[in-house]
Amino acid sequence: MDTKISILFYGRKAKTTRDNLVPIYLRVTLQGQRLELSTHRYVSPARWSAEAGKVKGSWRKPEA
């Protein structure tokens with residue numbers, strides 16, 4: 001029996017915060033059964049790539 005699994009990250013625009021950030025959600029589909037979870041991470045909509053399912057660009061910690 002073949003097991004099919006699908007993993008998708010997406011920004012949920014309906015839950016935009018007051019700071020204009022969208023939460024990143026995770027959807028796991030295993031043989032037709034879905035599970036959606038919040039990653040408890042937020043991103044600017046301008047930096048989110050819906051096609052790629054990830055944040056655009058890179059982030060570096062500011063040097064002191």
Side-chain angles (χ1 to χ4, degrees):
M1 179 178 191
D2 292 334
T3 302
K4 182 171 179 174
I5 187 168
S6 174
I7 299 173
L8 172 73
F9 288 96
Y10 64 97
R12 199 159 182 186
K13 291 182 182 179
K15 295 195 177 237
T16 303
T17 66
R18 291 181 185 172
D19 299 331
N20 198 31
L21 299 174
V22 293
I24 300 173
Y25 273 71
L26 165 69
R27 178 186 296 156
V28 179
T29 306
L30 180 62
Q31 294 187 338
Q33 298 292 320
R34 283 187 182 170
L35 172 66
E36 292 187 8
L37 301 168
S38 172
T39 62
H40 300 287
R41 305 281 186 200
Y42 293 84
V43 67
S44 168
R47 293 202 56 213
W48 182 253
S49 172
E51 297 82 26
K54 62 182 182 179
V55 177
K56 298 178 202 172
S58 62
W59 181 83
R60 293 183 185 257
K61 190 174 185 178
E63 294 181 19

Kindly indicate whether the side chain of V22, heavy atoms from C-beta on, has any atom under 4.5 Å from the side chain of V43.
-> yes

Taking S49 for its side chain and A52 for its backbone only, find out whether a donor-acceptor pair lies under 3.5 Å.
-> yes

Under 6.0 Å from the NZ atom of K56, do we count more than 12 heavy atoms belonging to anything else shown?
-> yes

Answer whether the closest heavy-atom distance between the side chains of R41 and Y25 falls below 4.5 Å.
-> no

pair F9-T39: side-chain heavy atoms closer than 4.5 Å = yes

Would you check if the side chain of T29 reaches a backbone N or O of I5 as a donor-acceptor pair within less than 3.5 Å?
-> no

Side chains of Y42 and I24: closer than 4.5 Å at any heavy-atom pair?
-> no

What is the distance from atom CG of D19 to atom CG of L21, rounded to the nearest 0.5 Å?
-> 5.5 Å

Roughly how far, to the nearest 0.5 Å, is CD of Q31 from NZ of K4?
-> 10.5 Å

What's the spacing between W48 CH2 and E51 CD if we round to 0.5 Å?
-> 11.0 Å

Tell me, do V28 and R34 make a side-chain contact under 4.5 Å, heavy atoms counted?
-> no

Can you find a pair of side-chain heavy atoms, one from L26 and one from L8, that are under 4.5 Å apart?
-> no

